[in-house]
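A short worksheet on the structure shown next.
Both backbone and side-chain heavy atoms feed into the values below; hydrogens, waters and symmetry mates do not. Note that the coordinates shown come from a computational prediction; the quantities given were computed from them, not determined experimentally.
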Amino acid sequence: MTQAAEQQSVFAGVSAAARAFVEREHGHYIGGEWVGASGGERLPVHDPATGTVMTRVAGGQGADVDRAVSAARHAFEDAEWSRMRPVDRERLLFRLADAIEAHADELAEIESLDQGKAVGMARNLDLTMAVDFVRYMAGWATKIDGRSVQPSVPYLPDQQFTGWTRKEPVGVVGAIVPWNFPVLMAVWKLAPALATGCTAVLKPAEETPLSALRLAELAESVGTPAGVINVVTGEGHTAGAALSGHPGIDKVAFTGSTEVGKLIGKAAMDNMTRVSLELGGKSPVVVLDDMDPAAAAQGAAQAIFLNHGQVCTAGSRLYVHSRQYGAVVDGLAGIAGGMRLGSGRDPQAQMGPLVSREQQQRVAGYIDSGREQGARVAAGGHTREGGYFVEPTILADTNHDMRVVREEIFGPVLTVMPYDDLDEVARLANDTPYGLGASIWSNDLSRVHRLIPKIRAGTVWVNCHNVLDPALPLGGFKQSGIGRELGREVVDLYTETKTVMMSI
Ligand code: NAP
Ligand code: MG
């Protein structure tokens, strides 16, 4: 295909607005201005369904990060933002939510082109959740308060004091996000930062920088003061590392792999920068023996195949009672084998490509290792040509010595194994360094209640999986992270508590 024909096929059916935005050359957004990379570097952005280069973005380096951190610091300490009242921040966030909602179709197309997911899913899930979460955080802006205390200082019995606490914004936030839900992950960091009065420097994933840049334009259009939101595009080992280790930031909010999360945590600790880390997972799906096998297979398929398995909480380890094991594996093989792969712009497709060639090869490597270690491929197991496709794959008869059971694959690959009793399945569910999510499938309430406290995970779903709400916290036990996103818990992670003691 010629280059023009390639571009034509990438953008077939895409709105003029989304295409025009994607094809533009993009700089960083710093201090309210669009600027080129200090080193002049530009990074290609690919369409995962075809591998075509759609556009280029600035490749950020330390100097770009320095500039963005200075802009964010100035906005935080000296400019209009530092004097804005909570109600003004609330109104700004409501306007931002309205703007995202008004441009949700366009943002969904940008996300699909950049990330590979279906436009419909991006629109119905990523964008609706982003809008609702910005509105949820808008409400918090006016509800952040401290406590007042009457002290009885034991060594000064004759003096009177009054004391209280203030919740103050933590300061400049460095936000580093992954490529699986680009705009949503950006909003999960920016909305709490703005609600609490912080400012932010956002580094989107190198694979998916576009929706964050469009978000910055929308934030500017609704009156976000310069320097409050800054976006530096670039690679993790350059721009990301410069940001997480920057002495000028007060907090790092990171979502990504546990491996990188550890690097970030160590870099942050040198400056005692606050950290919240939302990391990887290997979430178990536990089916109890009262479940109908066909319903269990449906539920398990949804738990793993959402977003092509590229979900931190993906239900990637399935445990089925040995009496129903065969029927559930057969059901899953039927579902996975019947799924149609295609571009995110193909409404008939049930699963899109993975985000990059690198991820495609990584996932294929895991499938091979499963085969070598004795797993049975009950469905899928191959890559497909064209874009970065991997077939939905069911690996049956797995065990806990296999890499496919122990490590996060982050693709459409489900491992399945049988169990015989409740204590055994609780032990298997917890036999992992991760602790992000888990689901239990049963209508036997007493066994469900016995299992919930045994499972070491930040979220336990019952008869559903991957269902999130702005008001309920999300985060990891064990190596799945530190801190929480969503819910009122997030407010504490973007604020410092200041104690005031006054002699009266
Ligand atoms: P990743 O490789 O850890 O990257 C995440 C972000 O960190 C990207 O922006 C990346 O930049 C950047 N980065 C890489 N190396 C860095 C370094 N040395 N210093 C600073 N930043 C660095 O993760 P991913 O592959 O993009 O995303 C998948 C992972 O995210 C999975 O493990 C998944 O479970 C996890 N995740 C967790 C949650 C949660 O809420 N717990 C949600 C979604 C995803 P570049 O990519 O540009 O190099
Ligand atoms: Mg990456």
- Using distance alone, with no hydrogens and no angle criterion, decide if His246 and Asn271 have a side-chain donor and acceptor under 3.5 Å apart. no
- Query: What heavy-atom pair brings Gly27 and Leu213 nearest, and what distance separates the two atoms?
  - Reply: O-CD2, 3.7 Å
- Message: Regarding Tyr388 and Glu358, do their side chains bring together a donor and an acceptor under 3.5 Å, going by distance alone?
- Response: no
- Message: Side chains of Ser439 and Trp441: any donor to acceptor distance under 3.5 Å?
- Response: yes
- Leu194 backbone acceptor or donor facing Arg89 side chain under 3.5 Å: yes
- Task: Compute whether any side-chain donor of one residue and acceptor of the other, for Ser38 and Asp64, lie under 3.5 angstrom apart.
- Result: yes
- Message: I'd like to know if the side chain of Lys251 and the backbone of Leu493 have a donor-acceptor N/O pair within less than 3.5 Å.
- Response: yes
- Would you say the side-chain atoms of Asn230 pair up with the backbone N or O of Gly227, donor to acceptor, closer than 3.5 Å? yes
- Could you tell me whether Lys478 sits above the aromatic face of Tyr434, with NZ or CZ closer than 6.0 angstrom to the six-membered ring centre and within 45 degrees of the axis? no
- Can you tell me if Arg456 uses its side chain to pair, donor with acceptor, with the backbone of Gly435 under 3.5 Å? no
- Task: Could you name each residue pair satisfying salt bridge (charged side-chain N to carboxylate O under 4.0 Å, His left out) that touches residues 175-200, not counting sequence neighbours?
- Result: Lys189-Glu485
- Look at the rings of Phe133 and Tyr136 and say which category their plane angle falls in: under 30° parallel, 30 to 60° tilted, over 60° perpendicular. parallel
- Cation-pi check, Lys117 to Phe181: give yes when NZ or CZ is under 6.0 Å from the six-membered ring centre and within 45° of the ring axis, no otherwise. yes
- No-hydrogen, no-angle side-chain donor-acceptor test under 3.5 Å, Asp47 and Thr52: no
